[in-house]
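Reviewing the structure listed below.
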Amino acid sequence: MLDPKLIRNELDRVAEKMAIRNVTLDTAKLSELESIRKQAQSKAESLQAERNAASKAIGQAKAKGEDAQPILDKVAALGNELKAAEAASSDVQAQLAEILMGLPNLVHDDVPAGKDESDNVEVRRVGEPTSFSFSPQDHVDLGARGGSLDFEQGAKLAGSRFAVMQGDVARLHRALIQFMLDTQTQRNGYIEVVVPFIVNSDSLYGTGQLPKFAEDLFKLNVEQEYYLIPTSEVPVTNLVRDTLLEADQLPLRYTCHSACFRSEAGSYGRDTRGLIRQHQFEKVEMVQIVRPEDSWQALEDMTSHAESILQALDIPYRVVVLCGGDIGFGASKTYDIEVWLPGQNAYREISSCSNCTDFQARRMQARFKNPDTGKNELVHTLNGSGLAVGRTLIAVLENYQQEDGSVIIPEALHAYFGNQRVLLEND
RNA sequence: GGAGAGUUGGCUGAGUGGUCGAAAGCGCUCCCCUGCUAAGGGAGUAUACGUUAAUAGCGUAUCGAGGGUUCGAAUCCCUCACUCUCCGCCA
């Protein structure tokens with residue numbers, strides 16, 4: 001959520017920033033609502049003040065044994081007017097809150113304008129696309145060996161966009177999770193957490209998935225309002241919801257392995273082949289809670305932490321900064337890391353690292369005591385994938401494949417495979 | 001799932017219709033005193049929102065959440081959430 005004061009005082013600047021996201025702000029309607037709000041709230045509050053004063057006077061009169069009836073008569077007349085004023089005030093405030101909750105974060109000055117992912121700007125490229133002396137297969141064909149990666153079984157058990165892994169592929173999947181968690185905790189300074197994969201709606205409002213993106217979520221059909229998490233960003237970031245942190249607790253760096261569940265409504269026909277886009281996938285997430293002045297450096301650091309996984313695995317990738325049309329709702333600036341997939345002959349997203357500034361913190365009321373100002377201030381929150389496990393598995397299979405369809409195990413993963421050095425050796 | 005007890009400020013905890021945004025203690029901050037030191041004395045110490053140049057005043061709201069009764073609710077009523085104890089079930 002944006003600072004309501006920003007809407008009041010710098011409406012034009014907010015509108016300019018929204019334009020970079022291709023979001024049109026109805027400034028005329030907003031300023032009209034705002035002036036109604038001001039008037040309605042003042043009126044309701046002054047009537048409340050009047051009632052409170054009268055009530056106090058009644059109490060005092062009764063305590064002294066005086067007749068309180070004249071004041072009672074007077075305050076009775078206030079009743080309906082007060083009720084109406086309160087209703088009007090809360091009505092207009094609800095309208096403003098609804099608009100505000102639907103507005104995305106302000107983008108950073110670095111964010112380029114653009115309409116979709118084709119306008120994202122490449123920042124750097126690490127490694128060269130893997131070259132092969134033969135025609136490389138994609139992960140679906142590679143994984144078909146021995147039913148190691150089985151989409152028919154997934155469809156039988158659940159439906160489309162589900163998969164079953166077994167044998168070497170299942171083990172590679174597990175090894176990648178271990179490797180990522182070990183790297184983030186031992187090398188990059190994150191604390192590992194295990195959190196619920198089901199959350200309530202408060203948590204989803206906190207990180208911004210609700211109210212706007214309900215259709216992307218799996219909602220449980222039970223009495224309580226429960227949702228499957230679309231990413232562990234939701235539970236992990238919400239660890240600091242409604243919390244007042246001490247300055248010396250910051251920065252907090254969490255990493256978390258979880259399953260992620262996405263309905264993928266609106267993605268019909270996209271990435272229907274293979275493991276790229278599934279209803280359920282696993283991810284190792286990074287979340288940082290930092291002081292506001294540190295968040296931009298933290299974004300650079302976190303992006304490099306995600307990159308460190310691909311560097312260790314020695315898989316080529318590039319980093320892009322997302323344009324206004326592609327950046328997520330809560331983010332002020334986002335770097336996507338795109339990994340080279342020989343099977344698609346393209347770079348594909350494997351991580352997304354975002355600085356959400358105070359956008360989520362305001363929704364969550366996540367604050368810290370700033371010793372410099374003596375005030376309680378909103379923290380900044382960041383999140384990034386470190387990395388998406390399924391897509392990393394695709395990248396390993398496709399980049400490390402050999403002509404006979406087997407796959408060499410990257411050196412960084414040897415510790416998780418005993419003496420084994422090759423996957424999918426036997427047809 | 002059954003029965004019972006709870007949810008108050010950074011913490012402990014009092015408060016069952018009216019000067020209660022809330023006693024007391026602890027903690028913390030500042031000041032004072034003191035060569036006997038896990039000492040003493042004093043003052044201060046919730047948050048959000050509105051108004052405002054203001055972190056000055058003033059106002060509003062908040063005692064788990066939401067609703068109700070009342071001129072007035074931490075206190076009474078209803079619904080919900082969560083915590084604890086015992087029983088049952090269970091990975």
Side-chain angles (χ1 to χ4, degrees), chain A residues 1-10 30-31 33-101 194-206 210-211 220 222-227 235 238-250 259 292 358 360-379:
Chain A
M1 191 166 86
L2 297 179
D3 187 348
K5 288 192 180 109
L6 222 50
I7 301 283
R8 269 170 227 152
N9 304 330
E10 300 179 56
L30 266 175
S31 24
L33 268 178
E34 174 52 26
S35 74
I36 295 172
R37 188 227 98 224
K38 198 174 217 171
Q39 199 227 331
Q41 188 173 348
S42 302
K43 187 176 177 194
E45 287 187 357
S46 66
L47 284 170
Q48 282 169 331
E50 208 176 312
R51 179 209 54 203
N52 289 347
S55 294
K56 203 168 232 178
I58 292 167
Q60 286 169 342
K62 286 196 168 172
K64 288 184 206 152
E66 294 168 1
D67 179 19
Q69 198 54 45
I71 321 175
L72 274 167
D73 293 340
K74 195 182 132 205
V75 85
L78 226 61
N80 286 336
E81 197 187 355
L82 177 62
K83 224 164 225 166
E86 279 175 339
S89 174
S90 69
D91 179 62
V92 67
Q93 291 195 60
Q95 281 184 57
L96 274 166
E98 197 186 323
I99 293 172
L100 216 54
M101 281 303 256
V194 176
V195 295
F197 294 177
I198 294 173
V199 293
N200 58 30
S201 58
D202 283 349
S203 294
L204 289 158
Y205 274 96
L210 290 178
L220 299 194
V222 294
E223 203 173 321
Q224 270 144 325
E225 196 174 356
Y226 278 152
Y227 298 83
N238 273 279
L239 288 173
V240 297
R241 171 153 55 86
D242 295 320
T243 301
L244 182 57
L245 297 157
E246 297 296 335
D248 62 11
Q249 290 179 268
L250 301 176
D358 61 6
Q360 295 178 327
R362 185 170 294 103
R363 291 174 166 234
M364 292 191 300
Q365 281 305 302
R367 297 164 304 155
F368 76 108
K369 276 189 186 297
N370 187 341
D372 302 333
T373 61
K375 294 201 66 177
N376 301 334
E377 297 176 14
L378 296 169
V379 296

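In what follows, chains are A, B, ... by sequence order, proteins preceding strands, each numbered from 1.
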Can you tell me the distance, in whole Å, between the [atom1] atom of [X] and the [atom2] atom of [N]?
X	N	atom1	atom2	answer
Gln365(A)	C49(B)	CD	P	7 Å
Gln93(A)	A48(B)	CD	P	17 Å
Ile58(A)	G72(B)	CD1	P	8 Å
Asn9(A)	G50(B)	CG	P	10 Å
Gln69(A)	U70(B)	CD	C1'	14 Å
Asn200(A)	G64(B)	CG	C1'	14 Å
Leu378(A)	U47(B)	CG	P	14 Å
Asp202(A)	C80(B)	CG	C1'	13 Å

How far, in whole Å, is [M] from [N] if one measures between their [atom1] atoms?
N	M	atom1	result
C11(B)	G50(B)	P	26 Å
G72(B)	A81(B)	P	29 Å
C90(B)	G17(B)	P	48 Å
G21(B)	G59(B)	C1'	15 Å
G41(B)	C26(B)	P	10 Å
A48(B)	U34(B)	P	41 Å
A74(B)	U69(B)	P	16 Å
G66(B)	A54(B)	C1'	36 Å

Quick check for you: to the nearest 0.5 Å, what is the distance between [X] atom [atom1] and [Y] atom [atom2]?
X	Y	atom1	atom2	value
Ile99(A)	Leu2(A)	CD1	CG	12.0 Å
Asp358(A)	Met364(A)	CG	CE	10.5 Å
Asp91(A)	Glu86(A)	CG	CD	13.0 Å

What does Lys62(A) touch in the nucleic acid at a heavy-atom separation under 4.0 angstrom: a base, only the sugar-phosphate, or nothing?
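The residue Lys62(A) makes base contact.
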Heavy atoms under 4.0 Å, any strand shown: does Arg8(A) hit a base, just sugar-phosphate, or nothing?
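Sugar-phosphate, backbone atoms only, no base.
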On a heavy-atom basis, which atom in [X] and which in [Y] lie closest, and how many Å separate them?
X	Y	answer
Ala85(A)	Lys43(A)	CB-CG, 4.5 Å
Phe368(A)	Leu378(A)	CE2-O, 3.8 Å
Tyr226(A)	Val222(A)	CD1-CG2, 3.9 Å

Is a salt bridge present between Glu34(A) and Arg37(A), judged by a nitrogen-to-oxygen distance below 4.0 Å?
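Salt bridge between Glu34(A) and Arg37(A), a charged N being under 4.0 Å from a carboxylate O: yes.
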Letter by letter from the 5' end, nucleotides 57-63 of chain B scores (B base, S sugar-phosphate only, - none; protein heavy atoms under 4.0 Å) --BSS--
Given pairs defined as Watson-Crick or G-U wobble with both distances under 3.5 Å, what dot-bracket annotation applies to RNA chain B, with ( ) intrastrand, [ ] crossing, | other strand and . unpaired?
((((((((.[[[..)..(.....]]]((((((.......))))))((((((.....)))))).[[[[[..)....]]]]])))))))....
Could you tell me whether the side chain of Asn238(A) and the main chain of Ser203(A) form a donor-acceptor pair under 3.5 Å?
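Yes: the side chain of Asn238(A) pairs with the backbone of Ser203(A).
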Donor-acceptor pair, distance only, cut-off 3.5 Å: does the side chain of Thr243(A) make one with the backbone of Arg241(A)?
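Pair found, side chain donor or acceptor close to backbone of Arg241(A).
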Please tabulate, for the side chains in residues 71-80 of chain A, all donor-acceptor contacts under 3.5 angstrom to protein atoms that are two or more places apart in sequence or on a different chain.
| from | atom 1 | to | atom 2 | distance (Å) |
| --- | --- | --- | --- | --- |
| Asp73(A) | OD1 | Gln69(A) | NE2 | 2.9 |

Walk me through it: do Asn52(A) and Ser55(A) pass the test side-chain hydrogen bond (donor to acceptor under 3.5 Å, both in side chains)?
CA-CA 5 Å; Asn52(A) 289 347; Ser55(A) 294; 5.5 Å; no
Among the nucleotides U51(B), U47(B), U19(B), which one has an atom lying closest to any side-chain atom of Arg367(A)?
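The answer is U47(B).
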What nucleotide, of C82(B), C71(B), G50(B), holds the atom closest to the side chain of Arg37(A)?
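Closest nucleotide among those given: G50(B).
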Under 3.5 Å donor-acceptor pair, Lys56(A) side-chain atoms to G18(B) base atoms:
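When only heavy-atom distances are counted, Lys56(A) does not reach the base of G18(B) through any donor-acceptor pair under 3.5 Å.
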Reading RNA chain B from 5' onward, which residue's closest nucleotide shows up sooner: Pro4(A) or Leu72(A)?
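Looking at RNA chain B, the more 5' nearest nucleotide goes with Pro4(A).
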